[in-house]
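Okay, so here's the structure we're looking at.
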Amino acid sequence: MTERSLDRDARNAPVAMEDILLAPTPEAWLEAAVQRVPELLIDHANCEKKAASTALSLMFAYPEDRALGLALSRLAREELRHFEQVQKKLDELGLPFERQRPGRYASGLRAALRTAEPGRKLDLMLTAALIEARSCERFRALAPRLPPSIGSFYADLERSEARHFELYLRFAEQAAREGGEAQDWRARLRELAEREAELVTTPDPVFRFHSGPPA
């Protein structure tokens, strides 16, 4: 995957995952993930819970947006089902679930968000889309490298994550229209995508599902 322009489509067609992510996952991270499957799965379980929590927090943050609330209610239930599925994989491998210290990825993205409305809502939707797109990309890359029982599971999750980032992008575009940024939201997406790409390509002292290559 090479860096592409997010604003190349003047007709405002849907943005593809390959356009959202400005850098591929480094090979060094993929190699580490294959060698550290227990850590990968434990953090993956935590990520599914966080994804459900994010959906619920956005429902509470924007209760007047009924379409958003209904969509995120369904998404949160799906994320929790994914958590249960990852937990089952951990049980099959005899691995206990563990609380983990957060990595720098989510906090690094949050630091770039605007705090005042209406920009805050747009940024939250765009950031959620980026996280889901990165998950989708990593599931796709990992599926053929992992043992079949996990690889086939990750191949299924890739399709779910693709739907999720598309959902968040649709609501981002809606938020941009409502906030008077209909012409600028793709430029804002690129700004956040540049930060996301930096976080996943620079050496990281902590191995996580969304971390950079091991330092």
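What you see is a predicted model; the values in this text were computed from it and never measured.
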| Shared hydrophobic cluster, Leu72 / Leu126 (ILVMFWY, side-chain heavy atoms < 4.5 Å) | yes

| message | For Gln35 and Glu31, which I'm curious about, is there any donor-acceptor pair between the side chains at under 3.5 Å? | response | no

| task | Would you sort out whether Glu196 and Leu21 count as a side-chain contact (heavy atoms from CB on, under 4.5 Å), showing the intermediate values? | result | CA-CA 8 Å; Glu196 195 275 344; Leu21 302 177; 3.9 Å; yes

| task | Could you walk me through whether Ser211 and Tyr105 pass side-chain contact (heavy atoms from CB on, under 4.5 Å), step by step? | result | CA-CA 6 Å; Ser211 64; Tyr105 181 79; over 6 Å; no

| query | Among side-chain atoms of Thr25 and Arg138, is any donor-acceptor pair under 3.5 angstrom? | reply | yes

| query | Does Gln183 CD have over 12 foreign heavy atoms under 6.0 Å away? | reply | no

| task | For the residue pair Arg208 and Gln100, establish whether any side-chain heavy-atom pair is separated by less than 4.5 Å. | result | yes

| request: Drop me the distance from Arg134's CZ to Leu199's CG, to the nearest 0.5 angstrom. | output: 10.0 Å

| request: Run the ring-centre check on Phe139 versus Phe209 and record whether the distance is less than 6.0 Å. | output: yes

| Rounded to the nearest 0.5 Å, how far apart are CZ of Phe153 and CG of Leu146? | 11.5 Å

| Which residues satisfy the salt bridge (charged side-chain N to carboxylate O under 4.0 Å, His left out) test with Arg104, sequence neighbours excluded? | Asp204

| task | Please check if any side-chain donor atom of Ser135 sits under 3.5 Å from a side-chain acceptor atom of His210, or the reverse. | result | yes

| said: Between Lys121 and Glu117, does any side-chain N to carboxylate O distance fall below 4.0 Å? | reply: no

| said: Parallel, tilted or perpendicular, judged at 30° and 60°: which one describes the rings of Tyr154 and His44? | reply: perpendicular

| Is there side-chain contact between His164 and Glu78, with at least one heavy-atom pair below 4.5 Å? | yes

| said: Would Arg170 and Glu173 count as a salt bridge (charged side-chain N to carboxylate O under 4.0 Å, His left out) here? Give the steps. | reply: CA-CA 5 Å; Arg170 289 199 299 274; Glu173 187 172 5; over 6 Å; no

| field | Atom pair OG1/NZ of Thr54 and Lys49 - distance to nearest 0.5 Å | value | 13.0 Å

| task | Could you check Met59 against Leu68 for side-chain contact (heavy atoms from CB on, under 4.5 Å), going step by step and ending with a plain yes or no? | result | CA-CA 7 Å; Met59 289 173 62; Leu68 178 68; over 6 Å; no

| Would you say the side chain of Leu124 lies within less than 4.5 Å of the side chain of Tyr62, judging by non-hydrogen atoms? | yes

